[in-house]
Amino acid sequence: MPRLRHHSRTLRAVSAARTRRAVSATRTLRAVSAARTRRVVSATRTLRAVSAALLTALAALAALLTATVPAQADTTICEEFGSTVIQGRYVVQNNRWGTSATQCVTATNSGFRVSQADGSVPTNGAPKSYPSVFNGCHYTNCSPGTALPARIGGISSAPSSISYSYVDNAVYNASYDIWLDPTPRTDGVNRTEIMIWFNRVGPIQPIGSQVGTANVAGRTWEVWSGGNGTNDVLSFVAPSAISSWSFDVMDFVRETVARGKAGNDWYLTSIQAGFEPWQNGAGLAVNSFSSTVNTGGTQNPDEPGTPSACTVAYATNVWPGGFTANVTVTNNGSAPVDGWRLAFTLPSGQNVVQAWNATVSPSSGAVTATAAAGSARIAAGGSQSFGFQGTYSGSFAQPGGFQLNGTACRTA
């Protein structure tokens with residue numbers, strides 16, 4: 001019997017060992033399976049992270065590509081009167097009207113550059129061309145969505161901005177061309193042309209002769225007046241080059257009206273900016289241009305029965321070589337006028353010596369009376385008065401017109 005018990009114990013020991021090995025193998029398989037599961041989960045997470053990173057990178061690349069794609073590809077124009085639209089609202093034109101030599105302009109999204117400008121013409125005559133960008137209408141070519149032609153008396157402001165690039169190896173001017181006509185025409189030559197010369201290089205000058213100087217839009221200009229056989233030309237020439245500027249075109253229009261070259265019942269038809277080259281010109285550029293015409297001004301104050309937003313009484317006391325002027329400005333509107341400014345042009349030969357109840361500057365030409373402290377508001381139906389003493393030469397005359405904060409007034 002002892003041998004049997006020993007054998008039985010041996011069998012039980014073997015069975016227990018096998019059981020332990022089976023359990024150990026099962027645990028090992030479970031561990032291996034768990035490890036494999038963790039590796040699969042880890043791989044899945046890695047793939048998800050890589051996928052997310054890839055999608056983020058692709059999105060960033062797409063945004064970068066979208067941001068850097070130009071709104072409009074550059075367009076080169078070499079046809080004599082070829083043109084194209086930029087920014088969906090302005091027209092760039094080659095306008096090679098004075099020569100048969102090749103000229104090309106390249107329109108950009110914000111302006112244009114003269115890419116080729118062959119030939120030359122005598123500097124005592126007309127220029128070769130007027131490559132330019134414009135808002136309005138030019139020989140039936142109207143810019144998209146333009147508010148022009150618009151009646152001068154109905155325009156409250158016409159803000160514009162320009163940035164020019166100049167060259168030295170050419171003869172040219174850089175100028176605005178502003179066209180006015182008694183009718184709202186969109187074709188042909190207008191009655192009056194305003195030119196604003198931002199720069200001139202070489203022995204050239206505007207049409208006509210210099211008739212004095214004027215302060216317009218806060219700058220001093222040489223004023224030239226003349227005609228070319230088809231229209232009047234009034235030119236404002238900067239004494240030194242202006243590369244960029246933001247201003248109100250209506251300041252020059254009102255100055256032109258005050259000089260009798262247009263009327264408030266006329267129409268502004270086109271605002272253009274570019275160059276008049278006589279010799280060469282490649283490399284000249286308008287880097288940027290903007291032009292807006294805001295309507296809502298008063299009607300023509302000189303039309304019978306038409307209500308005017310303001311009235312100016314200009315009473316003078318004149319003696320040989322000197323005078324005083326007492327000015328009363330009445331607000332005929334239904335709302336007060338704050339920070340009032342009265343613009344008018346003194347006839348040639350007149351100069352302001354001193355003023356009271358307002359400041360009047362400059363002392364001659366196109367001047368502006370600005371309200372004194374404490375009297376800057378003109379109530380609806382109310383008035384403000386000021387005066388000044390001046391000198392004059394030749395015969396005495398009164399200003400031809402007045403504008404209160406840019407609105408034409410009736411003269412009492």
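- Tyr172 places a side-chain N or O within 3.5 Å of a backbone atom of Val167 that can act as its donor or acceptor partner.
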Steps toward side-chain contact (heavy atoms from CB on, under 4.5 Å) verdict (Tyr267, Thr186): CA-CA 11 Å; Tyr267 292 83; Thr186 61; over 6 Å; no
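- Screening Phe252, Trp245, Phe247 for a side chain to side chain contact (heavy atoms under 4.5 Å, CB included) involving Tyr176 leaves a single residue, Phe247.
- Heavy atoms only, all atoms of each residue included: Asn294 and Pro159 are closest at ND2-CD, 3.6 Å.
- Counting only heavy atoms from C-beta outward, the side chains of Trp278 and Thr99 never approach each other to under 4.5 Å.
- Donor-acceptor pairing under 3.5 Å is lacking for the side chains of Thr328 and Ser383.
- Taken from CD1 in Ile162 to OG in Ser244, the straight-line distance is 9.5 Å, to the nearest 0.5 Å.
- Under 3.5 Å, the side chains of Trp224 and Glu222 contain a donor-acceptor pair of N or O atoms.
- Here the OG-CZ distance, from Ser270 to Arg185, works out to 12.5 Å after rounding to the nearest 0.5 Å.
- At a threshold of 4.5 Å between non-hydrogen side-chain atoms, the residues Val237 and Pro239 do not count as touching.
- Neither side chain, Asn357 nor Ser375, offers a donor N or O lying under 3.5 Å from an acceptor on the other.
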Test Ile196 against Trp221 for side-chain contact (heavy atoms from CB on, under 4.5 Å), laying out the working first. CA-CA 9 Å; Ile196 310 173; Trp221 308 83; 3.7 Å; yes
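- Residues Gln350 and Thr391 bring no donor and acceptor atom of their side chains to less than 3.5 Å of each other.
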Less than 3.5 Å apart, which donor and acceptor atoms pair up between the side chains of residues 395-403 and the rest of the protein, not counting sequence neighbours?
none

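- To the nearest 0.5 Å, the span separating CZ on Arg151 from CG on Asp265 amounts to 5.5 Å.
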Stepwise, does the side-chain contact (heavy atoms from CB on, under 4.5 Å) test hold for Val329 with Ile378? CA-CA 8 Å; Val329 186; Ile378 307 178; 4.1 Å; yes
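- Distance SG/Cys310 to CG/Leu342: 8.0 Å, rounded to 0.5 Å.
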From CA spacing to verdict: ring pair (Phe, Tyr, Trp, His ring centres under 6.0 Å), Phe275, Tyr164: CA-CA 10 Å; Phe275 305 94; Tyr164 281 116; 5.2 Å; yes
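- When atom types are taken as modelled, the side chain of Ser115 and the backbone of Cys104 share a donor-acceptor pair closer than 3.5 angstrom.
- The side-chain heavy atoms of Met195 and Leu234, taken from C-beta on, include no pair separated by under 4.5 Å.
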Working note: Val253 + Trp266, criterion side-chain contact (heavy atoms from CB on, under 4.5 Å); need CA distance, chi angles, decisive distance, verdict. CA-CA 10 Å; Val253 173; Trp266 285 32; over 6 Å; no
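- Minimum interatomic distance between Asn109 and Gln87 (heavy atoms only, all atoms of both residues): O-CG, 3.0 Å.
- Side-chain N/O atoms of Thr213 and Thr220 include no donor and acceptor closer than 3.5 Å.
- By the 4.0 Å N-to-carboxylate-O rule, Asp338 lies close enough to Arg377 to be salt-bridged with it.
- With no hydrogens or angles considered, a side-chain donor-acceptor pair links Asn287 and Ser165 at under 3.5 Å.
- A donor-acceptor contact closer than 3.5 angstrom is absent between the side chains of Thr84 and Thr75.
- The heavy-atom pair separating Val286 from Phe289 by the smallest distance is CG1-CB, 4.1 Å.
- Using a 4.5 Å heavy-atom threshold, the side chains of Val223 and Phe236 count as touching.
- With rounding to the nearest 0.5 angstrom, the NE2 atom of His138 is 11.0 Å from the SG atom of Cys142.
- The closest donor-acceptor contact from the side chain of Asn199 to the backbone of Ala174 lies at 3.5 Å or more, if one exists at all.
- Closest heavy-atom contact between Asp181 and Arg191: OD1-N, 2.8 Å.
- Across every non-hydrogen atom of Ser83 and Val91, the tightest pair is CB-CG1, 3.7 Å.
- Minimum interatomic distance between Phe388 and Val352 (heavy atoms only, all atoms of both residues): CD1-CG2, 3.9 Å.
- Remark: side-chain polar atoms of Asn405 are paired, donor with acceptor, to backbone N or O of Arg341 under 3.5 angstrom.
- At a threshold of 4.5 Å between non-hydrogen side-chain atoms, the residues Phe386 and Trp356 do not count as touching.
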Under 3.5 Å, which donor-acceptor pairs do the side chains of residues 120-135 form with other protein atoms, sequence neighbours left out?
residue, atom, partner, partner atom, Å
Lys128, NZ, Asp118, O, 3.1
Lys128, NZ, Gly119, O, 3.2
Lys128, NZ, Asn280, O, 3.1
Ser129, OG, Gln103, OE1, 2.6
Tyr130, OH, Ser175, O, 2.9
Tyr130, OH, Asp177, N, 3.4
Tyr130, OH, Gly274, N, 3.4
Ser132, OG, Gln93, NE2, 2.9
Ser132, OG, Tyr130, O, 3.1
Asn135, OD1, Ser143, OG, 3.4
Asn135, OD1, Thr146, OG1, 2.8
Asn135, ND2, Ser291, OG, 3.0

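- Ionic pairing of Lys261 and Glu193 is not present here: no N-O contact between side-chain nitrogen and carboxylate oxygen is shorter than 4.0 angstrom.
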Run the numbers on Thr311 and Asn332 for side chain to side chain donor-acceptor pair (under 3.5 Å), then give the verdict. CA-CA 7 Å; Thr311 301; Asn332 300 327; 2.8 Å; yes
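- Checked by atom type and distance alone, the side chain of Asn331 pairs as donor or acceptor with a backbone atom of Ala335 at under 3.5 Å.
- Taken to the nearest 0.5 Å, the OH atom of Tyr139 stands 8.5 Å off from the CG atom of Asn95.
- Counting heavy atoms from C-beta outward, Ile178 and Gln272 have side chains that stay 4.5 Å or more apart.
- Looking at Asn228, its side chain does come within 3.5 Å of a backbone N or O of Thr230 through a donor-acceptor pair.
- Thr106 and Asp74 are not linked by any side-chain donor-acceptor pair at a separation below 3.5 angstrom, with hydrogens and angles left out of the test.
- Without hydrogens or angle criteria, Asp248 side chain to Met250 main chain gives a donor-acceptor distance under 3.5 Å.
- Val360 is listed as a side-chain neighbour of Val367, based on a closest heavy-atom distance under 4.5 Å.
- Residues Arg89 and Thr292 are in side-chain contact: their nearest non-hydrogen atoms beyond the backbone lie under 4.5 Å apart.
- Partner of Trp179 under the side chain to side chain contact (heavy atoms under 4.5 Å, CB included) criterion, out of Asn231, Ile194, Ile271: Asn231 alone.
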